[in-house]
K.L.:
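Dumping the structure here so I can ask a few things about it.
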Amino acid sequence: EVQVMESGGGLVQPGESLKLSCVFTGSKTTNYMAWFRQAPGKEREGVAKIYFDGESYYDDSVEGRFTISQVRPNKTVYLQMNNLKVEDSAVYYCAVAAGRMYVKNSKIKHEGFDYWGQGTQVTVSS
């Protein structure tokens with residue numbers, strides 16, 4: 001069974017850091033991977049995306065604070081989150097596109113992903 005497994009969420013204070021991890025267990029080659037988040041009462045939004053060659057894109061709200069990275073042989077993607085703010089609180093989801101044709105673009109939309117994780121909670125509170 002193909003799985004997308006996230007870990008690393010938790011409760012931190014404003015200004016602190018967290019690092020999320022995501023592992024894809026499928027056999028297909030990953031094309032790109034991304035992190036999304038969804039806060040209560042809000043729509044799911046794209047946070048960061050990374051292509052197989054390392055090219056990455058970020059939502060404006062996290063640019064300069066979050067860094068997405070990957071270890072391709074392990075089909076693992078990370079999200080380093082620094083200087084966290086209360087408004088970063090949400091359930092964070094990992095998404096994987098694998099074995100598909102695509103054209104690179106800077107948009108981080110929920111369409112175009114084949115596999116999703118169950119989510120990990122990030123809470124930023126003083």
Side-chain angles (χ1 to χ4, degrees):
E1 180 184 355
V2 175
Q3 288 186 309
V4 177
M5 299 181 292
E6 304 110 330
S7 61
L11 171 63
V12 296
Q13 295 187 343
E16 294 186 338
S17 300
L18 272 178
K19 186 173 184 178
L20 305 182
S21 301
C22 170
V23 178
F24 173 63
T25 65
S27 61
K28 293 181 179 179
T29 300
T30 57
N31 304 122
Y32 48 93
M33 301 175 76
W35 289 95
F36 290 74
R37 65 186 180 187
Q38 187 168 20
K42 295 188 176 182
E43 292 188 355
R44 189 172 297 188
E45 61 176 1
V47 175
K49 178 171 72 174
I50 189 165
Y51 284 94
F52 74 98
D53 61 359
E55 187 172 333
S56 57
Y57 297 96
Y58 298 90
D59 184 78
D60 288 344
S61 65
V62 305
E63 183 81 53
R65 299 188 297 122
F66 290 11
T67 303
I68 189 169
S69 61
Q70 63 184 352
V71 178
R72 282 197 57 79
N74 297 337
K75 298 182 180 179
T76 300
V77 65
Y78 302 99
L79 186 67
Q80 177 67 47
M81 304 184 294
N82 298 329
N83 190 22
L84 281 160
K85 304 177 180 181
V86 172
E87 51 265 39
D88 294 319
S89 297
V91 177
Y92 282 70
Y93 297 91
C94 179
V96 178
R100 61 163 54 216
M101 300 295 290
Y102 65 96
V103 176
K104 282 186 180 178
N105 65 82
S106 63
K107 293 180 172 58
I108 312 171
K109 301 293 185 182
H110 68 274
E111 299 89 5
F113 290 89
D114 305 291
Y115 305 96
W116 290 82
Q118 294 298 308
T120 184
Q121 177 70 48
V122 172
T123 303
V124 185
S125 175
S126 56

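This chain uses plain numbering: 1 for the first residue, then up along the sequence. Heavy-atom basis, side chains included; hydrogens, waters and symmetry copies ignored.
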K.L.:
Is it the case that over 12 heavy atoms from other parts of the model lie below 6.0 angstrom from the CD atom of E43?
P.N.:
no
K.L.:
How long is the straight-line distance from CG of L20 back to CZ of R37, given to the nearest 0.5 Å?
P.N.:
11.0 Å
K.L.:
Between R72 and T29, does a side chain to side chain contact (heavy atoms under 4.5 Å, CB included) hold up when you go through it step by step?
P.N.:
CA-CA 9 Å; R72 282 197 57 79; T29 300; 3.5 Å; yes
K.L.:
Restricting to pairs with a member in residues 4-21, which pass side-chain hydrogen bond (donor to acceptor under 3.5 Å, both in side chains), not counting sequence neighbours?
P.N.:
S17-N82
K.L.:
Would the F66 and W35 ring centres measure less than 6.0 Å apart?
P.N.:
no
K.L.:
Would V47 end up clustered with Y57 when hydrophobic side chains under 4.5 Å apart are linked, directly or stepwise?
P.N.:
no
K.L.:
Are Y92 and V86 connected in a single hydrophobic cluster, I mean Ile/Leu/Val/Met/Phe/Trp/Tyr linked by side-chain heavy atoms less than 4.5 Å apart?
P.N.:
no
K.L.:
Does atom CD of E111 have more than 12 heavy-atom neighbours from other groups under 6.0 Å away?
P.N.:
yes
K.L.:
Which heavy atom in F36 sits nearest to a heavy atom in K109, and how many Å separate them?
P.N.:
CZ-O, 3.4 Å
K.L.:
To the nearest 0.5 Å, tell me how far N31 CG sits from M101 CE.
P.N.:
9.5 Å
K.L.:
Does some side-chain heavy atom of Y78 sit less than 4.5 Å from a side-chain heavy atom of V71?
P.N.:
yes
K.L.:
side-chain contact (heavy atoms from CB on, under 4.5 Å) with I50: which of T30, T67, V77?
P.N.:
V77
K.L.:
Mind listing the closest non-hydrogen atom pair of K107 and N105 along with its distance?
P.N.:
N-OD1, 2.9 Å
K.L.:
Closest heavy-atom contact between A48 and L79?
P.N.:
CB-CD1, 4.1 Å
K.L.:
Looking at every heavy atom in both T123 and Q121, which two are closest together, and how far apart are they?
P.N.:
OG1-NE2, 3.3 Å
K.L.:
Before you tell me yes or no, could you show the steps for K49 and Y51 under side-chain hydrogen bond (donor to acceptor under 3.5 Å, both in side chains), namely the whole-Å CA-CA distance, both residues' side-chain angles and the distance that decides it to 0.1 Å?
P.N.:
CA-CA 7 Å; K49 178 171 72 174; Y51 284 94; 3.2 Å; yes
K.L.:
Does any non-hydrogen side-chain atom of D53 lie less than 4.5 Å from one of K104?
P.N.:
yes
K.L.:
When rounded to the nearest 0.5 angstrom, what distance separates CG in D88 from CZ in R65?
P.N.:
4.0 Å
K.L.:
Take atom CD in Q3; do more than 12 heavy atoms of anything else shown fall under 6.0 Å from it?
P.N.:
yes
K.L.:
Are V96 and Y102 joined in one hydrophobic group, where the rule is that I, L, V, M, F, W and Y side chains link up if heavy atoms are under 4.5 Å apart?
P.N.:
no
K.L.:
Spell out, yes or no, whether I108 and V91 are grouped together once hydrophobic residues are joined by side-chain heavy atoms under 4.5 Å, including indirect joins.
P.N.:
yes
K.L.:
Flag yes if V62 and V12 sit in one hydrophobic cluster, no otherwise; membership is Ile, Leu, Val, Met, Phe, Trp, Tyr, and two members link when side-chain heavy atoms are under 4.5 Å apart.
P.N.:
yes
K.L.:
Side chains of H110 and Y93: does their closest heavy-atom pair fall under 4.5 Å?
P.N.:
no
K.L.:
If you round to the nearest 0.5 Å, how far is OG of S27 from NZ of K75?
P.N.:
6.0 Å
K.L.:
Could you give the distance from CD (Q80) to CD1 (I68), rounded to the nearest 0.5 Å?
P.N.:
12.0 Å
K.L.:
Heavy atoms only: give me the nearest R100-Y32 pair and the separation to one decimal.
P.N.:
CD-OH, 3.8 Å
K.L.:
S126 and P14: which non-hydrogen atoms are nearest, and at how many Å?
P.N.:
N-CD, 3.7 Å
K.L.:
How many angstroms lie between CZ in F24 and CE in M33, if you round to the nearest 0.5 Å?
P.N.:
7.5 Å
